[in-house]
Amino acid sequence: MRDLRALRRDELPTDTVALARFLLGTIVVRDGLGQRLAGRIVETEAYPPGDPASHAFRRRTARNAAMFLPLGHAYVYLAYGTALMLNVASETEDVGAAVLVRALHPLAGLPQMATHRGLERLRDLTRGPGRLAQAMRIDRTLDGIDLMASAGPLWLGTDGGVPEQIGTTVRIGITKAADRPLRFIVPGDPFVSGPTALNRAADLALRLGAPKAEAGLP
DNA sequence: AGTGCGATTGACT
DNA sequence: GTCAATCGCACTA
């Protein structure tokens with residue numbers, strides 16, 4: 001990892017899909033545990049305004065309130081009673097939308113992550129939304145925090161790294177609007193999630209884009 | 001107040 | 001490849 005710096009809110013694209021693409025290559029940093037944990041985002045999903053699959057589709061509730069916070073805030077929730085999910089709020093304040101962080105390529109604090117996970121194969125450390133949250137010790141207490149605050153326990157940074165390619169597929173594990181191409185991955189990265197069969201099906205819909213032009217970088 | 005159901009994971013056939 | 005665990009939340013009454 002080259003020199004790490006915090007991202008500024010004005011660098012983030014407001015649009016949910018643009019943000020989902022932009023976040024690939026950026027770094028999630030977990031501080032306050034003694035040892036810094038960090039991982040590069042290699043997989044995201046967009047849940048834009050008006051999306052039937054989005055938690056914010058119907059209305060604002062206690063659970064999804066963080067999706068309505070300004071751009072760059074964390075939305076953390078429990079899925080299936082077992083797995084915690086980290087999202088980044090998108091669009092403008094009072095608009096419910098977010099980007100789900102589905103996989104990280106671990107960069108720092110790997111031994112601690114392994115402890116949090118209960119000793120697993122390296123490849124399973126942060127491959128999948130529930131796994132990465134467990135590895136980074138992300139819980140509901142981090143729901144609603146500002147990810148642009150690099151003095152806080154969880155924040156977003158960059159080392160200037162941008163993926164060479166971005167793959168686009170359908171989203172995983174949803175039933176509504178299941179055909180929309182709103183999942184974005186760094187093709188070939190071993191930490192991208194999804195069962196083999198799903199990856200194969202997803203590969204059929206795979207399209208490659210030029211990340212620098214579409215990531216909204218200055 | 002009761003009920004059904006996930007933006008998943010891990011164990012097992 | 002199949003399948004149960006697990007619980008907060010949304011929806012019905």
Side-chain angles (χ1 to χ4, degrees), chain A residues 15-24 28 39 41-69 73-91 95-104 106 113-144 147 154 167-186 190-203 205:
Chain A
D15 177 79
T16 306
V17 173
L19 179 65
R21 304 179 68 104
F22 173 87
L23 288 177
L24 293 178
V28 177
I41 298 176
V42 295
E43 176 180 356
T44 60
E45 281 180 0
Y47 289 86
D51 173 18
S54 171
H55 288 171
F57 181 59
R58 296 199 174 270
R59 64 175 164 277
R60 189 176 193 151
T61 67
R63 174 174 72 155
N64 68 24
M67 293 182 78
F68 295 79
L69 292 175
H73 283 71
Y75 167 45
V76 179
Y77 74 94
L78 181 67
Y80 296 106
T82 56
L84 289 155
M85 309 277 155
L86 171 65
N87 299 254
V88 181
S90 56
E91 306 296 333
V95 174
V99 173
L100 170 66
V101 179
R102 284 194 58 92
L104 299 178
M113 291 184 192
T115 300
H116 297 160
R117 294 274 298 121
L119 285 183
E120 292 273 339
R121 295 167 52 202
L122 170 66
R123 208 168 93 81
D124 290 340
L125 218 50
T126 50
R127 184 172 56 89
R131 291 171 177 147
L132 78 86
Q134 187 180 36
M136 303 282 276
R137 195 166 277 179
I138 291 167
D139 56 42
R140 292 290 308 270
T141 66
L142 300 177
D143 185 40
L147 295 172
L154 188 68
T168 304
T169 82
V170 296
R171 292 173 293 183
I172 305 240
I174 58 168
T175 54
K176 298 168 213 160
D179 55 333
R180 298 187 68 184
L182 294 176
R183 174 174 174 250
F184 304 98
I185 64 172
V186 177
F191 291 91
V192 170
S193 81
T196 308
L198 273 178
N199 273 347
R200 187 158 309 153
D203 284 346

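Residue numbering restarts at 1 for every chain, and letters A, B, ... go by the order of the sequence lines.
Looking at which nucleotide of DNA chain B each of A:Thr175 and A:Arg131 is closest to, the 5′-most match is held by A:Thr175.
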Quiz prompt | Dot-bracket encoding per residue of DNA chain B, Watson-Crick/G-U cut-off under 3.5 Å, | denoting interstrand | solution = ||||||.|||||.
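Judged as a side-chain contact (heavy atoms from CB on, under 4.5 Å), and not counting sequence neighbours, the contacts of A:Ala20 are A:Thr44, A:Ala46, A:Val99, A:Phe184. For A:Asp51, the side-chain hydrogen bond (donor to acceptor under 3.5 Å, both in side chains) partners two or more places apart in sequence, or in a different chain, are A:Arg171. Among residues two or more places apart in sequence or in another chain, the side-chain contact (heavy atoms from CB on, under 4.5 Å) test is passed with A:Thr61 by A:Arg59, A:Arg63, A:Asn64. Not a single salt bridge (charged side-chain N to carboxylate O under 4.0 Å, His left out) links A:Arg140 to another residue, sequence neighbours left out. Shown here are the ring-ring contact (aromatic ring centres under 6.0 Å, His included) partners of A:Tyr77, two or more places apart in sequence or in another chain: A:His55, A:Tyr75. Listed by chain and residue number, nothing satisfies the side-chain hydrogen bond (donor to acceptor under 3.5 Å, both in side chains) test with A:Thr126 (two or more places apart in sequence, or in another chain). With sequence neighbours excluded, the residues forming a salt bridge (charged side-chain N to carboxylate O under 4.0 Å, His left out) with A:Asp124 are A:Arg121, A:Arg127, listed by chain and number. For A:Arg117, the side-chain hydrogen bond (donor to acceptor under 3.5 Å, both in side chains) test picks out A:Gln134, with sequence neighbours left out.
In the displayed structure, A:Arg58 atom CZ is contacted under 6.0 Å by at most 12 heavy atoms of other residues, nucleotides or ligands.
Among the heavy atoms of the strands, none lies under 4.0 Å from A:Arg121.
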Considering only nitrogen or oxygen atoms on both sides, find all protein atoms under 3.5 Å from nucleotides 6-8 of chain C and state each distance.
residue: C:dT6; atom: O2; partner: A:Tyr80; partner atom: O; Å: 2.3

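Not one N or O on the side chain of A:Glu45 forms a donor-acceptor pair closer than 3.5 Å with the backbone of A:Arg102. Side chain of A:Glu91 to main chain of A:Pro48: no donor-acceptor pair is present (N/O by atom type, distance under 3.5 Å, no hydrogens or angles).
Side-chain contact check for A:Val76 versus A:Asn87: every heavy-atom pair is 4.5 Å or farther apart.
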Quiz item: A:Met136 and A:Leu86: side chain to side chain contact (heavy atoms under 4.5 Å, CB included), yes or no, with the steps?
Solution: CA-CA 10 Å; A:Met136 303 282 276; A:Leu86 171 65; over 6 Å; no
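Contact check of residues 44-57 of chain A against DNA chain B (heavy atom, cut-off under 4.0 Å) returns A:Tyr47, A:Ala53, A:His55.
The nucleotide range of DNA chain B contacted by chain A, defined by atoms under 4.0 angstrom from heavy atoms of the protein and reported 5' to 3', is B:dG6 to B:dG10.
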